[in-house]
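Read through the structure below, which is laid out as structure tokens, and then see the notes.
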Amino acid sequence: MTDMSPHQGSSAGHENAPARLGYSPVADIAHKPRATDTDPKAARRAERQVATMFLLSMLFVVLFVVAYIGIDKTTVVYIPVLGEVGASNVALGFTMGMAILLIGTGAIQWAKKLMPDVEVVQQRHDMASPKRAALEAEANYERGKEESGFARFRIIRRTLIGAMVLFPIPLVVMLRDLWTPTEFTEGKSPAELLSTTMWTPGMRIISDGTYQGAHSEVDSGGEMAGDVEAAEDSIAFRPIRPEDLPVGGLIAAIPQELPEVEHEEGNLNARGKAAIILVRMEPQDIRSQQGDGWDYQGILAYSKICTHVGCPIALYEQRTHHLLCPCHQSTFDLADSGNVVFGPAARRMPQLPIGVDEEGYLVAMSDFAEPIGPSFWERG
Amino acid sequence: MTTTSPVEKAGGATATYVDERVGSNKFLSRNLGKVFPDHWSFMLGEIALYSFIVVMLTGVFLTLWFKPSMAEVVYDGSYVPLKGILMSEAYDSALNISFDVRGGLLLRQMHHWSALIFIAAMAVHMFRVFFTGAFRKPREFNWLIGVGLTTFGLLAGFSGYSLPDDLLSGTGLQIARGIVQAVPVVGTWAAFLLFDGEFPGTEFISRLYGVHILLIPGLILALVTIHLMLVWTQKHTQFPGPGRTNDNVVGYPLLPVYMAKAGGFFFIVFGIIALVAGLVTINPIWIFGPYMPDQVSAGSQPDWYIGFLDGALRVMPNWETILFGWTISWNVFIPALVIPGIIFTVLGLYPFIEAWVTGDKREHNLLDRPRNAPTRTAFGMMAITFYMLLWVGGANDIIAVAFDLSINSIIWFLRVALIVVPPIVFVITRRTCLGLQRKDREKLLHGYESGRVLRLPHGEFIEVHQPLNEKELAVITAKHDYVPLPAPDKADADGVRNKHYRVQMLRHRLSEFFYGVNVPKPTAAEIEAGQHHAEEQAAIEAPLHEYEDSDVIFNAHGGVLHHPGMAKTNAEQVEGVDQRH
């Protein structure tokens with residue numbers, strides 16, 4: 001038979017103290033004494049465990065300092081499961097983590113094994129203030145209203161409200177200069193800026209060699225072929241001849257004048273609008289284009305910026321001529337005017353009309369005929 | 001008070017010194033013994049709080065080395081693959097923190113991990129508060145503050161994710177800009193003002209930095225403070241149990257048990273974050289490379305808490321309207337702004353909606369078991385299902401590759417599922433809750449079916465019903481049977497038309513919907529009605545009872561509700577029977 005008494009096992013000191021503090025153990029809660037309550041040996045063992053954890057915590061702090069000084073920041077080690085990792089990071093994280101964690105586990109062990117585990121009761125009080133307080137507050141409000149004359153001086157009240165409504169206006173007005181037009185954007189509205197790029201008739205198309213050496217992984221995603229960067233390694237920032245691009249190939253390209261635009265002049269802004277991809281397909285595969293003869297011998301140029309929310313598009317499926325946005329999977333058919341075949345994008349990929357100059361290099365025949373990138377209110 | 005050691009003496013002197021100036025002893029005398037109830041689910045909010053402290057601490061360290069500038073520099077640090085590459089100072093300094101500051105990578109990863117844990121803990125904490133009805137009077141304001149904290153948590157996370165100016169963070173910003181541009185009327189200008197012109201510009205990171213390290217953390221800190229002060233003054237809610245009522249708190253006093261447990265738990269959360277940050281890589285920005293507006297990597301994924309928004313963007317059909325020459329991008333505006341707007345508004349208003357519908361004005365300090373509020377629980381599960389489906393949408397490319405599925409079919413499945421599945425989940429959850437209520441009722445009437453079959457001396461086999469223990473009894477009987485609001489009258493007794501009839505009727509219907517399904521607790525009348533049956537049962541079971549103590553309380557159906565001598569386990573009871581033989 002189990003004893004249901006809540007008091008068994010709790011220390012005498014604990015039972016006496018709470019009465020003074022305004023709470024008492026709960027009479028009808030079952031309480032089982034712990035080993036540490038009844039067995040002094042168990043209690044001493046718990047004490048040793050807690051102290052050991054605190055001691056180990058100190059040891060780990062020492063190890064942290066040793067690791068900080070001793071391990072070179074460039075050392076890479078192989079650890080099973082984790083793989084190739086920075087030795088310094090693992091050592092510092094492990095020692096610091098253990099040092100902190102052991103303080104926590106020690107404290108919890110202390111609380112659970114050695115501190116009283118008898119639940120106690122405290123009464124709640126109504127959240128609402130006593131009636132008297134409400135009356136006093138109201139009386140004070142009335143007095144304030146009377147003494148200030150807020151109710152009587154109607155004109156003061158109204159002008160004050162007016163002033164309070166208007167005073168934040170300067171703070172809002174000053175936000176206007178969050179965008180200050182530069183000499184490059186002078187006089188143009190946001191809509192105009194979004195609607196034009198740096199492509200001009202006759203501007204050469206060059207391959208984009210920005211990423212020689214370092215670069216991010218470009219996933220070929222199953223059937224999706226056409227690694228944008230693969231073709232580039234050998235042709236950094238070079239004008240492109242039609243014969244450089246085999247049928248089925250794709251390269252990322254930019255306007256010839258883009259590398260000369262300084263960073264402060266908005267190089268990245270210009271790049272974000274002018275970046276294109278060139279794809280080549282058999283001319284008979286092209287079902288439609290955005291303008292007559294905008295291709296050159298089956299080479300088509302499309303904006304690289306998705307018309308959904310502006311991600312650069314990188315995944316091209318040669319067989320279907322589909323271009324897929326890696327962010328939200330809008331899919332465009334480049335053999336059919338860049339129309340949307342699937343996904344959340346509402347508008348087709350803008351096409352850049354291209355041709356060749358007298359030296360046989362690919363050039364733009366004009367700017368895009370429609371704004372590239374995400375939609376905006378004034379776009380129409 | 002007997003203080004003996006010099007340390008304690010000094011402590012006492014300090015306490016007096018402070019008290020004479022700020023009156024702190026008044027507060028301490030009231031609060032050092034303050035009782036906090038114990039339950040594992042109450043630790044969820046603690047995890048959120050502690051991970052927020054870790055975020056702030058590591059964030060302060062990161063500001064010592066991070067340079068929030070988009071000025072162009074050539075990388076010349078120890079990470080060889082990026083040497084000589086043009087990049088922003090922000091990315092350069094983030095690489096510097098990762099490779100050339102000892103412990104820098106640890107700080108960065110701790111910052112990122114604790115941010116992820118912070119938001120996750122807030123979400124799960126919110127589920128707990130929702131499903132147990134802890135948001136009810138008097139705690140509605142704290143629920144609102146919690147919704148605010150979650151919102152600011154998302155903003156804090158996203159703004160931080162965007163600072164290092166690596167390829168992923170820039171892609172996130174580009175999407176954010178696309179979303180801003182999709183706002184009707186003001187979107188284009190708002191985007192130009194935010195970014196100082198076109199995307200990406202040269203100013204945005206330094207602007208975002210101020211928002212990320214000052215504005216948002218300041219707001220979160222202020223809200224967290226009010227949140228905790230309210231928890232303190234309103235006292236924590238508790239689950240039903242023996243001795244626990246709506247008017248008391250049962251638990252452990254602040255000093256020493258709760259302080260040791262909560263304080264210890266802080267170190268546990270802190271320590272685990274440090275361990276995880278040391279052992280598990282998060283956001284390896286060096287792999288992504290510097291941001292370029294025309295570069296992207298496949299499988300671009302946001303942090304988990306933005307996943308639902310990204311999913312909404314992916315799943316939305318491609319609707320766009322051109323009206324009188326103006327473009328309205330429903331395909332972006334609805335999923336990215338309208339849907340989260342609705343989610344957070346409904347979330348914030350829920351306590352007020354429920355209070356209005358149910359007409360419940362009582363203070364609630366005792367938590368509901370989710371099954372006892374079937375409509376609320378079903379509604380919550382429905383909302384979570386909707387959210388999770390959007391989240392699945394955010395990972396559709398990963399799922400397509402992992403399970404070799406077509407992205408198009410996943411999207412189409414989700415478009416349908418988002419509308420069809422949540423209501424199904426609602427119905428299933430509500431029925432499950434009612435089933436559990438029925439089980440509780442059975443238990444109250446019959447006790448447990450112990451699974452112990454006895455053969456009576458005359459040969460009959462019966463299954464012994466075991467009484468509920470006190471804890472279970474207290475938990476089950478804490479259920480409150482609510483009654484839906486009555487239907488309003490069209491006119492009063494004098495024939496005067498009821499002007500509020502339509503609103504009252506709506507409220508009545510909603511109340512019916514909310515409380516109409518319920519398995520009532522057995523009433524006194526039901527127990528009365530069952531008496532005869534009980535007596536018959538008692539007669540049949542009499543041979544059994546002679547083995548047991550005499551002061552046994554029978555319930556309506558002959559089950560044994562309570563008798564003090566009852567054994568706790570089958571083994572004990574069998575043993576007891578044997579002995580008495």
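Every chain is numbered from 1, with letters handed out A, B, ... down the list of sequences.
When the candidates A:Pro374, A:Gly373, A:Ala346 are compared by the number of heavy-atom contacts under 4.5 Å with chain B, A:Ala346 comes out ahead. For chain B, the option among A:Gly343, A:Pro181, A:Ser88 with the highest count of heavy-atom pairs below 4.5 Å is A:Gly343. Counting heavy-atom pairs closer than 4.5 Å to chain B, the top-ranked of the candidates A:Met96, A:Glu378, A:Lys273 is A:Glu378. For the options A:Gln109, A:Met127, A:His308, heavy-atom pairs under 4.5 Å to chain B are most numerous at A:Met127. By number of non-hydrogen pairs under 4.5 angstrom with chain B, the leading residue of A:Val90, A:Thr105, A:Leu193, A:Thr182 is A:Leu193.
Only the backbone of A:Leu175 comes within contact range of chain B, with at least one heavy atom under 4.5 Å from a heavy atom of that chain. Only the side chain of A:Phe342 comes within contact range of chain B, with at least one heavy atom under 4.5 Å from a heavy atom of that chain. Looking at A:Leu92, the atoms closer than 4.5 Å to chain B (heavy atoms on both sides) sit in the backbone and in the side chain alike. Contact annotation for A:Thr180: both backbone and side-chain heavy atoms come within less than 4.5 Å of a heavy atom of chain B. For A:Val81, no part lies under 4.5 angstrom from a heavy atom of chain B. For chain B, no part of A:Val85 is nearby; none of its heavy atoms comes within less than 4.5 Å. Contact annotation for A:Arg347: only side-chain heavy atoms (C-beta onward) come within less than 4.5 Å of a heavy atom of chain B. Using a 4.5 Å cut-off between heavy atoms, A:Leu268 contacts chain B through both its backbone and its side chain.
Considering only heavy atoms from C-beta on, A:Lys304 comes within 4.5 Å of B:Gln295 through its side chain. B:Thr171 is listed as a side-chain neighbour of A:Cys327, based on a closest heavy-atom distance under 4.5 Å.
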### Task
Please test A:Arg124 against B:Glu363 for side chain to side chain contact (heavy atoms under 4.5 Å, CB included), starting from the C-alpha separation and ending with a verdict.
CA-CA 11 Å; A:Arg124 292 177 192 270; B:Glu363 271 198 22; over 6 Å; no

### Task
Could you go through the salt bridge (Lys or Arg N to Asp or Glu O under 4.0 Å) check for A:Glu119 and B:Arg244 one step at a time?
CA-CA 11 Å; A:Glu119 287 190 297; B:Arg244 291 159 193 237; 3.1 Å; yes

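B:Leu313 contributes atom CG, which lies 11.0 Å from atom CD of A:Gln329 (distance to the nearest 0.5 angstrom).
Aromatic ring pairs are classed by plane angle as parallel below 30°, tilted from 30° to 60° and perpendicular above 60°; the pair A:Trp377 and B:Trp326 is parallel.
Across every non-hydrogen atom of A:His328 and B:Asp310, the tightest pair is NE2-OD1, 2.7 Å.
In this structure a side-chain-to-backbone donor-acceptor pair under 3.5 Å is missing from B:Asn331 to A:Ala345.
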